[in-house]
Amino acid sequence: TASVLAFIQAGITLIPTVIFLAGLLGAEGGSGSDAALGWTVVIFQLIGAVLLIVGGVQLLGGKSRAMIVAGAAVELACSLFWIIRIAAIDSQGLDVIDAGKGVIIGFAIFFAIMPTISLVMALGGTTTQFLQSRRGH
């Protein structure tokens with residue numbers, strides 16, 4: 001189950017990552033601190049997705065859970081980054097901005113649910129037993 005959730009999370013992560021990447025590639029004058037932040041986000045989200053996919057395959061094969069744990073940690077760090085980044089935006093007392101911030105923070109929390117479950121399951125006793133059985137212990 002941890003592997004399946006990791007694959008789903010990787011797919012869900014790749015959707016906004018591709019959108020961000022398209023925006024960065026299409027942006028005029030793609031330099032400066034906003035572009036650097038954009039590229040950093042794209043790179044970290046790609047790393048998280050790749051780690052989840054590779055980790056899911058390894059876990060299904062009974063080899064290791066290290067990559068899926070690392071991928072889940074990267075995904076959770078990305079979600080936390082978005083929560084902090086969006087919460088720090090000054091709404092200047094406008095309700096519409098506060099509402100928008102709430103929606104985006106809600107999405108960031110949603111993006112954190114599956115990697116949290118995958119992480120707990122990958123580190124659980126059942127997974128330990130599965131990995132040990134595959135290694136002949």
Side-chain angles (χ1 to χ4, degrees):
T1 304
S3 295
V4 172
L5 288 174
F7 296 142
I8 294 169
Q9 180 68 26
I12 290 172
T13 297
L14 288 174
I15 294 168
T17 303
V18 169
I19 293 169
F20 293 154
L21 183 58
L24 286 169
L25 294 175
E28 294 181 26
S31 61
S33 63
D34 287 341
L37 178 62
W39 281 107
T40 302
V41 168
V42 165
I43 290 167
F44 273 98
Q45 288 184 180
L46 283 173
I47 290 170
V50 168
L51 285 171
L52 288 173
I53 292 167
V54 172
V57 170
Q58 286 183 345
L59 189 59
L60 280 174
K63 294 179 182 175
S64 173
R65 64 176 140 208
M67 297 285 259
I68 201 168
V69 168
V74 169
E75 291 292 313
L76 290 170
C78 286
S79 293
L80 183 61
F81 163 78
W82 282 114
I83 290 168
I84 292 168
R85 175 88 171 154
I86 299 303
I89 293 173
D90 181 17
S91 65
Q92 300 174 353
L94 297 173
D95 290 339
V96 69
I97 294 175
D98 283 333
K101 286 172 51 175
V103 169
I104 295 171
I105 290 171
F107 274 115
I109 292 169
F110 168 75
F111 271 76
I113 292 171
M114 279 192 281
T116 300
I117 295 169
S118 288
L119 186 61
V120 169
M121 294 182 84
L123 294 173
T126 305
T127 302
T128 301
Q129 290 173 351
F130 170 72
L131 291 171
Q132 288 174 345
S133 74
R134 296 295 231 154
R135 294 179 189 145
H137 293 203

Same hydrophobic cluster for [X] and [Y], using side-chain heavy-atom links shorter than 4.5 Å among ILVMFWY?
{"X": "V18", "Y": "I43", "value": "no"}
{"X": "W82", "Y": "I89", "value": "yes"}
{"X": "I86", "Y": "I84", "value": "no"}
{"X": "L14", "Y": "L21", "value": "yes"}
{"X": "I113", "Y": "M121", "value": "yes"}

Heavy-atom closest pair, residues [X] and [Y]:
{"X": "F130", "Y": "L60", "value": "CZ-O, 3.8 Å"}
{"X": "A108", "Y": "I83", "value": "CB-CG1, 3.5 Å"}
{"X": "A122", "Y": "A2", "value": "N-CB, 4.0 Å"}
{"X": "L5", "Y": "S118", "value": "CB-OG, 3.2 Å"}
{"X": "A49", "Y": "A10", "value": "O-CB, 3.7 Å"}
{"X": "V69", "Y": "L123", "value": "CG2-CD2, 3.7 Å"}

**Request:** Using distance alone, with no hydrogens and no angle criterion, decide if E75 and T13 have a side-chain donor and acceptor under 3.5 Å apart.
**Result:** yes
Measuring from [X]:[atom1] to [Y]:[atom2], what's the distance to the nearest 0.5 Å?
{"X": "M114", "Y": "I8", "atom1": "CE", "atom2": "CD1", "value": "6.0 Å"}
{"X": "I105", "Y": "S79", "atom1": "CD1", "atom2": "OG", "value": "12.0 Å"}
{"X": "L76", "Y": "Q9", "atom1": "CG", "atom2": "CD", "value": "8.5 Å"}
{"X": "F81", "Y": "L37", "atom1": "CZ", "atom2": "CG", "value": "4.5 Å"}
{"X": "L52", "Y": "F7", "atom1": "CG", "atom2": "CZ", "value": "9.5 Å"}
{"X": "R135", "Y": "S64", "atom1": "CZ", "atom2": "OG", "value": "6.5 Å"}

**Side chain K101, main chain S91, donor-acceptor under 3.5 Å** =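 Side chain of K101 to backbone of S91: no pair is present.
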Does the side chain of [Y] come within less than 4.5 Å of [X]'s, by heavy atoms?
{"X": "I68", "Y": "L119", "value": "no"}
{"X": "F111", "Y": "P16", "value": "yes"}
{"X": "F20", "Y": "L46", "value": "no"}
{"X": "V57", "Y": "K63", "value": "no"}

**Request:** Any chance you could lay out the side chain to side chain contact (heavy atoms under 4.5 Å, CB included) test for R65 and T128, step after step, and finish with the verdict?
**Result:** CA-CA 9 Å; R65 64 176 140 208; T128 301; 3.0 Å; yes
